[in-house]
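Remarks on the structure that follows.
Numbers for residues simply follow the sequence, beginning at 1. No experiment lies behind these values; they were computed from the predicted model shown.
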Amino acid sequence: MYKGLSPLIVFATFYLVASLVAGDFYRVPITVAFLVASLYAIAISGPRPLGERLSIYSSGAATADMMLMVWIFVLAGAFAASAKAIGSIDATVGLTVAVLPARFLLAGIFMAACFISLSVGTSVGTIVALTPIAAGVAEETGLSVAMLTAVVVGGSFFGDNLSFISDTTIVATQSQGCRLADKFRVNIFIVAPAALLVLLWYIYMGGGTSAPQTVAAVEPLKVLPYMVVLLTALLGMNVMAVLTLGLILTGIVGMATGTIDFFDWLVAMGNGITGMGELVIITLMAGGLLQLIKEMGGIDTIIRLLTRRVSSKRGAELSIAALVSIVNLCTANNTVAILTVGGIARQIGDRFGVDNRKCASLLDTFSCFTQGLLPYGAQMLMAAGLAALSPMAILPYLYYPAAIGLCALMAILLRYPRRYS
């Protein structure tokens with residue numbers, strides 16, 4: 001019955017036990033944990049021939065979504081390395097530090113991430129635009145790079161959860177048959193307290209931040225690639241087009257200012273692309289592993305276990321929250337998780353009288369909560385790659401995703417907001 005779920009258990013157990021034995025969660029490569037779980041999943045997914053099992057694994061690794069993420073990783077790595085080579089990151093960091101008082105740096109970066117993600121409706125695009133700047137600010141001010149990267153990741157999920165053009169919002173409302181505006185009204189009641197508390201916490205944490213003694217001179221021309229990336233993202237341009245435009249601008253600006261020549265630019269791009277190699281491998285192995293789990297009925301098992309004992313409205317909401325969260329763990333994609341369980345969630349909601357607007361909000365919020373804390377999720381992998389960190393180093397500082405999960409749970413237990421409960 002639980003065979004389909006066992007690869008996830010092997011993955012988590014191996015990573016946990018190996019880390020405890022090593023005495024360091026950062027010492028065990030997550031790629032090795034995925035390799036062990038993948039080999040195990042391929043081994044137990046019989047009675048199919050081995051070639052067919054490998055084909056299923058490969059099809060999961062090579063889905064359109066997975067390959068799109070690979071392309072984004074490649075372009076993001078090339079852009080970040082090129083921007084660093086021409087001094088664009090240093091110039092943008094200098095501008096940020098000059099404009100924002102030191103004590104408001106954490107809060108300011110969080111608000112910027114919230115605003116950008118709300119405008120563009122994508123957490124990945126926000127992370128690509130802001131993570132290098134946040135990492136540079138950390139180095140200039142002595143703040144933790146992992147913490148400032150987590151500030152960006154957390155803020156990026158604000159818009160992913162609330163934006164009218166976010167794919168999770170659209171899928172959640174369509175699956176529950178309600179309007180975007182209605183779902184937004186319910187959602188804002190749930191997540192606004194979390195955002196406000198986290199913002200105040202960042203202001204408090206920033207109280208002891210000292211302004212750097214020396215700040216890089218603000219060179220407007222070198223800031224241009226990042227300004228264009230931010231503006232085109234805000235205008236809703238496709239993230240790949242945004243990165244391509246930014247990449248071309250780094251070459252033009254670098255050669256115009258004499259910072260690099262054409263071949264230096266190519267070398268920087270190459271280094272950035274190869275630096276994303278681990279993220280690409282994790283993405284492909286996660287896709288293959290999760291496809292085998294789906295083929296073995298792992299997701300069907302989860303759905304069956306979580307829906308068989310529901311007997312009240314509160315229980316129905318809790319089962320919907322657990323359902324989308326666990327399926328998100330199995331798919332590493334919050335949009336896919338909502339698509340997978342949306343129809344079942346609507347049936348549960350209709351049966352026990354759950355307001356479809358609150359049901360849509362719970363689906364979106366709990367999927368973002370899970371995705372925001374997932375070390376092998378696209379957002380964490382992207383942020384870790386751009387900041388040259390392990391995803392596990394970022395995890396302890398992800399206050400906002402944890403806060404929206406807590407607020408959403410309280411909304412279920414306390415029947416809040418009352419009008420929709």
Side-chain angles (χ1 to χ4, degrees), residues 2-22 24-46 50 52-74 76-77 124 153 274-299 301-302 325-334 336-337 340 370-395 398:
Y2 300 105
K3 179 181 176 182
L5 294 178
S6 61
L8 274 184
I9 297 170
V10 168
F11 169 76
T13 303
F14 176 85
Y15 188 79
L16 179 64
V17 171
S19 299
L20 290 174
V21 170
D24 185 356
F25 275 85
Y26 306 145
R27 194 173 176 185
V28 180
I30 199 169
T31 47
V32 177
F34 268 114
L35 176 62
V36 171
S38 296
L39 292 173
Y40 169 79
I42 292 168
I44 68 163
S45 58
L50 178 60
E52 186 178 339
R53 286 178 257 169
L54 290 171
S55 179
I56 293 170
Y57 184 92
S58 299
S59 69
T63 62
D65 285 340
M66 291 297 174
M67 296 313 297
L68 177 61
M69 285 312 307
V70 168
W71 273 112
I72 292 173
F73 285 153
V74 167
V124 171
V153 174
T274 54
M276 288 289 177
E278 185 181 20
L279 305 189
V280 171
I281 292 169
I282 292 172
T283 300
L284 297 178
M285 286 201 294
L289 175 64
L290 299 172
Q291 183 64 30
L292 278 176
I293 289 171
K294 185 177 179 180
E295 287 287 329
M296 288 189 287
I299 292 177
T301 299
I302 291 168
S325 298
I326 296 174
V327 172
N328 204 136
L329 287 173
C330 296
T331 60
N333 186 307
N334 45 347
V336 172
T340 302
T370 308
Q371 187 74 13
L373 297 175
L374 211 56
Y376 52 91
Q379 293 84 354
M380 282 276 276
L381 292 175
M382 176 67 75
L386 291 172
L389 296 168
S390 161
M392 300 305 294
I394 302 170
L395 194 58
L398 288 167

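- Across every non-hydrogen atom of Met66 and Gly60, the tightest pair is CG-O, 3.5 Å.
- For the atom pair CG (Leu381) and CD1 (Ile30), the distance works out to 7.0 Å, reported to the nearest 0.5 Å.
- The NZ atom of Lys3 sits 12.5 Å away from atom CG of Leu5, with the distance rounded to the nearest 0.5 Å.
- The side-chain contact (heavy atoms from CB on, under 4.5 Å) test applied to Ser58 returns no partner, not counting sequence neighbours.
- In this structure, the side chains of Asn334 and Thr370 stay at 4.5 Å or more apart for every pair of heavy atoms.
- Between Thr283 and Phe73 the shortest heavy-atom distance is OG1-CE1, 3.0 Å.
- Residues forming a side-chain contact (heavy atoms from CB on, under 4.5 Å) with Ala337 (at least two apart in sequence, or on another chain): Val324, Val327, Asn328, Thr331.
- Of all the heavy atoms in Ser390 and Ala384, the pair that sits closest is C-CB, 4.2 Å.
- Contact detail for Ala76 and Met382: the closest heavy-atom pair is CB-SD, 3.8 Å.
- Scored by the ring pair (Phe, Tyr, Trp, His ring centres under 6.0 Å) test, Phe34 finds Phe11, Tyr376 as partners (sequence neighbours excluded).
- For the pair Leu292 and Leu289, the minimum side-chain heavy-atom distance is 4.5 Å or more.
- Note that the CG atom of Leu8 and the CD1 atom of Ile326 stand 10.0 Å from one another [nearest 0.5 Å].
- Under the side-chain contact (heavy atoms from CB on, under 4.5 Å) criterion, Leu373 pairs with Phe369, Leu395, Leu398, Pro401, not counting sequence neighbours.
- A search for side-chain hydrogen bond (donor to acceptor under 3.5 Å, both in side chains) contacts involving Ser38 returns Tyr57, not counting sequence neighbours.
- Side-chain atoms of Ser45 and Ile56, non-hydrogen and from C-beta on, never get closer than 4.5 Å to each other.
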task = List the steps, then state whether side chain to side chain contact (heavy atoms under 4.5 Å, CB included) holds for Ile281 with Leu284.
result = CA-CA 5 Å; Ile281 292 169; Leu284 297 178; 5.9 Å; no

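- Counting all heavy atoms, side chain and backbone alike, Met380 lies closest to Ile394 at SD-CG2, 4.1 Å.
- In this view, Glu295 and Arg48 satisfy the salt bridge (Lys or Arg N to Asp or Glu O under 4.0 Å) rule, not counting sequence neighbours.
- Minimum heavy-atom separation, Ile44 to Ser6: CD1-OG, 3.3 Å.
- Counting only heavy atoms from C-beta outward, the side chains of Ser19 and Met392 never approach each other to under 4.5 Å.
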